[in-house]
K.L.:
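Input: one structure, supplied below.
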2 protein chains.
Amino acid sequence: MDRRTEILEAAAKSFSLFGYKATTMDQVAKIANVGKGTIYTFFANKEELFNAIVVGMIEEMRTEAEAAAIEGATFEENAHARLMSILKFRTTHQLYAKLIDEGKEIRTPAVQEVLVDIEKQIVKFIAEKIQKGINRGEVKPCNVEMVAYLLFKSYMALVVDWGKTHHQELDQTEIIDLLSSTIFKSLLI
Amino acid sequence: MDRRTEILEAAAKSFSLFGYKATTMDQVAKIANVGKGTIYTFFANKEELFNAIVVGMIEEMRTEAEAAAIEGATFEENAHARLMSILKFRTTHQLYAKLIDEGKEIRTPAVQEVLVDIEKQIVKFIAEKIQKGINRGEVKPCNVEMVAYLLFKSYMALVVDWGKTHHQELDQTEIIDLLSSTIFKSLLI
DNA sequence: CAAATGACTATAATTGAATTACAGTCATTT
DNA sequence: AAATGACTGTAATTCAATTATAGTCATTTG
């Protein structure tokens, strides 16, 4: 394995385990078995190394979301499957979970910026799928960006936020029923 | 004016101006022209005084939201008017705005708890209106609590959150159109 | 004598000086 | 030419000393 990859793997491991702030460049160098200076021949600074790791994670998330879709299923079924896959990734993936925690608790600016960017990418991903649906004639023309945003926020609200204040999570079926009869209903042709 | 009211007015003024943490009981006593001990004959501690102020504010917000509704207008029109009134209150009302800021920036626990409670009251208020709509036969029977929650979160997302990341706020008309064709459409009979 | 008061106390928050940790560099080594 | 790690300036952390403040209660007041 080349040095760049060794460094990336070491950084991913450390960021996942300790978060952004608590990861030191010395530690990454040690895990990667390279001198600290070597890291700086590949990445301008800590934040760029971090961004590279996050880009990789977003790709992973995208791949998983794509894999959640089923050939031949309806737009709604696949939209739901992909969104649930993303929300699962959000809490399951060690690095993502760590970053959410660090962003909230320690409020590391670099982490908060990255979290905003990840959400933007997710909404962009959803928007792409809606646009494809429109092109295929499965979805009505609409303000794609806005609908993607509303869809993501609605899933976040019902799947993630509800549990925080209600101490009894919503039933999957109830969520599907509600979103199916509201957003999806008006979205589909 | 009786001492209790003097204290409440002084506290409201101070909390609005400086927030919860930066308001001292000595200051409230001074503004109210009473001895500090007097405050404790009416309120067990700082937090109870604060809660009393917040209860008053919630009543104010409720009154304004009720006033935003128009006799004879449709359920949707009034729901929209009331929700927009609440969101306006959220940023316009000096105390509410201050608390949102303090909850985010200083993360005073008492303030964060109160903010959660206020949101719960708002959702409860919306739920009551939906229930009334059902009783009147204007709204389809549904999981009232869940729909109220989704409605509030959707308004928050499109009216408040969107602007934070997009630096170009959404048009009022676009928001109404989208929510009208999705949540409201499936909600109304 | 019942209500009001503010000096008082115990605890929490803040400050600032001293210490430590760390990102990034660069002269040296491989 | 690429890799390295000792080195440096700056930022973060500690911790002791100081200050601020919530809440009390013995005294005062009307």
Side-chain angles (χ1 to χ4, degrees), chain A residues 1-54 98-99 101-114, chain B residues 1-54 98-99 101-114:
Chain A
M1 202 173 5
D2 67 344
R3 300 183 115 74
R4 201 189 128 89
T5 311
E6 305 250 40
I7 292 165
L8 279 170
E9 286 202 357
K13 212 173 283 178
S14 187
F15 286 136
S16 297
L17 230 47
F18 309 115
Y20 177 75
K21 190 157 178 263
T23 288
T24 69
M25 295 302 262
D26 280 294
Q27 197 176 52
V28 173
K30 201 166 193 178
I31 299 173
N33 271 311
V34 298
K36 182 157 67 149
T38 308
I39 300 175
Y40 288 90
T41 65
F42 296 107
F43 305 94
N45 51 46
K46 189 181 175 184
E47 206 165 337
E48 278 218 1
L49 174 60
F50 180 53
N51 288 336
I53 299 298
V54 170
K98 194 89 201 170
L99 294 183
D101 184 66
E102 188 173 350
K104 210 193 307 258
E105 296 307 324
I106 315 183
R107 296 194 290 181
T108 321
V111 171
Q112 290 182 324
E113 281 162 30
V114 139
Chain B
M1 204 175 0
D2 67 344
R3 300 184 114 75
R4 201 189 128 91
T5 311
E6 305 249 42
I7 291 165
L8 279 170
E9 287 202 355
K13 213 173 281 179
S14 186
F15 287 136
S16 297
L17 230 48
F18 310 114
Y20 177 75
K21 192 160 177 262
T23 288
T24 69
M25 295 302 261
D26 279 295
Q27 198 175 55
V28 173
K30 202 165 194 178
I31 298 173
N33 272 311
V34 297
K36 182 158 66 147
T38 309
I39 300 176
Y40 288 89
T41 65
F42 296 107
F43 304 95
N45 50 47
K46 189 181 175 184
E47 206 165 336
E48 278 218 0
L49 175 60
F50 180 53
N51 288 337
I53 299 298
V54 170
K98 194 90 201 168
L99 295 182
D101 184 67
E102 186 173 350
K104 210 192 308 259
E105 297 307 322
I106 316 183
R107 295 194 290 182
T108 321
V111 171
Q112 290 182 325
E113 280 161 31
V114 139

K.L.:
Going 5' to 3' along DNA chain C, which nucleotides are the first and last within contact of chain A (any atom under 4.0 Å from a heavy atom)?
P.N.:
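The footprint of chain A covers C/dC22 to C/dT25.
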K.L.:
For the backbone of B/A32 and the side chain of B/R3, can you confirm whether one donor and one acceptor N or O come within less than 3.5 Å of each other?
P.N.:
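No, B/R3 side chain to B/A32 backbone: no donor-acceptor pair under 3.5 Å.
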K.L.:
Applying side chain to side chain donor-acceptor pair (under 3.5 Å), name anything that partners A/T5, two or more places apart in sequence or on another chain.
P.N.:
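A/D2.
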K.L.:
So, using side chain to side chain donor-acceptor pair (under 3.5 Å) as the criterion, who are the partners of B/T108 when residues are at least two apart?
P.N.:
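With neighbours one apart ignored, the set is B/E102.
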K.L.:
A side-chain contact here means heavy atoms from C-beta on lying under 4.5 Å apart; do B/F43 and B/R4 qualify?
P.N.:
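Result yes, sub-4.5 Å side-chain heavy-atom pair found.
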K.L.:
Does DNA chain C take part in any stems of at least 3 consecutive Watson-Crick or G-U pairs (both distances under 3.5 Å), and if so, which ones?
P.N.:
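As far as DNA chain C goes, consecutive pairing (with distances under 3.5 Å) yields the stems C:1-30 with D:1-30.
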K.L.:
With sequence neighbours excluded, tell me which residues meet side chain to side chain contact (heavy atoms under 4.5 Å, CB included) with B/N45.
P.N.:
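By the side chain to side chain contact (heavy atoms under 4.5 Å, CB included) rule, B/N45 matches B/E47, B/E48.
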K.L.:
Applying side chain to side chain contact (heavy atoms under 4.5 Å, CB included), run through A/L49 and A/M25 and close with a yes or a no.
P.N.:
CA-CA 10 Å; A/L49 174 60; A/M25 295 302 262; 4.2 Å; yes
K.L.:
Looking at residues at least two apart in the chain, or sitting in another chain, which of them share a side chain to side chain contact (heavy atoms under 4.5 Å, CB included) with B/I31?
P.N.:
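For B/I31, the residues satisfying side chain to side chain contact (heavy atoms under 4.5 Å, CB included) (neighbours in sequence not counted) are B/A10, B/S14, B/Q27.
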K.L.:
What are the two closest non-hydrogen atoms of B/L8 and B/A52, and how far apart are they?
P.N.:
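In terms of heavy atoms, the two residues are closest at CD2-CB, 4.0 Å.
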K.L.:
Between B/I39 and B/A29, which heavy-atom pair has the shortest distance, and what is it?
P.N.:
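Result for this residue pair: CD1-N, 3.8 Å.
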K.L.:
Specify the residues of residues 42-54 of chain A, ordered by number, for which at least one heavy atom lies under 4.0 angstrom from an atom of DNA chain C.
P.N.:
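Per residue number, the list reads A/N45, A/K46.
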K.L.:
Hey, is the side chain of A/R3 poking within less than 4.0 Å of OP1 or OP2 on D/dA3, counting only N and O atoms?
P.N.:
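Answer yes for this pair, as a side-chain N or O of A/R3 is under 4.0 Å from OP1 or OP2.
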K.L.:
Enumerate the residue pairs fulfilling salt bridge (charged side-chain N to carboxylate O under 4.0 Å, His left out) with a member in residues 9-29 of chain B, sequence neighbours excluded, ordered by first and then second residue.
P.N.:
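Qualifying pairs, neighbours excluded: B/D26-B/K36.
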K.L.:
With sequence neighbours left out, what residues match B/F50 under ring-ring contact (aromatic ring centres under 6.0 Å, His included)?
P.N.:
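Residues passing ring-ring contact (aromatic ring centres under 6.0 Å, His included) with B/F50: B/F15, B/Y20.
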K.L.:
Near DNA chain D, counting only heavy atoms under 4.0 Å, which residues of residues 9-34 of chain A show up?
P.N.:
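Residues of residues 9-34 of chain A that come under 4.0 Å of DNA chain D are, in numerical order, A/K21, A/V34.
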K.L.:
Please list, chain by chain and in numerical order, all residues satisfying side chain to side chain contact (heavy atoms under 4.5 Å, CB included) with A/K104, sequence neighbours excluded.
P.N.:
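Listed in chain order: A/K164.
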